[in-house]
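This report concerns only the one structure given below.
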Amino acid sequence: DQQHVHDSQAKLGGSLLSFETGDLELSRRIVEETKLFKITVSFGSTNSLISLPCFMSHASIPAEVRAARGLPDDLVRISAGIEDIEDLIADLDAAFGA
């Protein structure tokens, strides 16, 4: 199982997370309005990164196929970097309210 693999390779959780907003326009606004997160297609940096896969990494996959594979259009992906956690949370809060 995946949790066992993770536990055997890491001491703590990772910095990647995904969430759905239930609203594609809200997801787009979050990605576009954050100031500390850099928009990217792939993750792998010490900086905080954010993406909207339906328009980026998975844009070439038809919407019906993405949906069938459990990749909703409103999915936002984040890789938290080394910035202060309170600053990142404030940045996301501001983007949600934009």
Side-chain angles (χ1 to χ4, degrees):
D1 102 343
Q2 294 297 330
Q3 185 65 45
H4 175 72
V5 172
H6 171 80
D7 292 343
S8 71
Q9 297 176 357
K11 293 181 181 180
L12 299 172
S15 64
L16 294 175
L17 65 110
S18 299
F19 60 90
E20 299 171 47
T21 64
D23 181 345
L24 178 58
E25 288 309 311
L26 174 58
S27 293
R28 185 190 312 249
R29 193 168 63 241
I30 291 166
V31 170
E32 292 174 352
E33 293 293 327
T34 56
K35 307 297 184 225
L36 297 177
F37 294 85
K38 306 298 181 232
I39 298 174
T40 187
V41 174
S42 63
F43 298 132
S45 176
T46 58
N47 297 325
S48 292
L49 307 169
I50 192 167
S51 74
L52 191 58
C54 74
F55 291 110
M56 301 170 77
S57 59
H58 296 81
S60 65
I61 302 171
E64 314 80 56
V65 175
R66 288 195 311 264
R69 294 180 180 172
L71 298 166
D73 285 349
D74 66 324
L75 184 73
V76 176
R77 294 185 68 207
I78 288 177
S79 173
I82 61 172
E83 298 87 355
D84 183 83
I85 189 66
E86 297 302 323
D87 292 341
L88 295 175
I89 292 170
D91 192 23
L92 287 168
D93 280 344
F96 267 96

**Prompt:** Would a distance-only check, ignoring hydrogens and angles, find a side-chain to backbone donor-acceptor pair under 3.5 Å from Glu83 to Ser48?
**Reply:** yes
**Request:** Given side chain to side chain contact (heavy atoms under 4.5 Å, CB included), test Asp74 with Leu26 step by step and report yes or no.
**Result:** CA-CA 8 Å; Asp74 66 324; Leu26 174 58; over 6 Å; no
[X] [atom1] to [Y] [atom2] distance, which is reported to the nearest 0.5 Å:
X     : Y     : atom1 : atom2 : value
Glu86 : Asp93 : CD    : CG    : 10.0 Å
Leu88 : Thr34 : CG    : OG1   : 9.5 Å
Glu33 : Arg28 : CD    : CZ    : 12.5 Å
Leu49 : Ile39 : CG    : CD1   : 10.5 Å
Ile50 : Thr40 : CD1   : OG1   : 11.0 Å
Leu24 : Asp73 : CG    : CG    : 5.5 Å

Residue pair [X] / [Y]: nearest heavy atoms and the distance that separates them:
X     : Y     : result
Ser18 : Leu75 : CB-CD1, 3.8 Å
Ala59 : Arg66 : O-NH1, 4.1 Å
Gly70 : Pro72 : O-CD, 3.1 Å

**Prompt:** Do the side chains of Phe37 and Ile30 get nearer than 4.5 Å, heavy atoms only?
**Reply:** no
**Request:** Please lay out, stage by stage, how Leu52 and Val76 fare under the test side chain to side chain contact (heavy atoms under 4.5 Å, CB included).
**Result:** CA-CA 5 Å; Leu52 191 58; Val76 176; 4.2 Å; yes
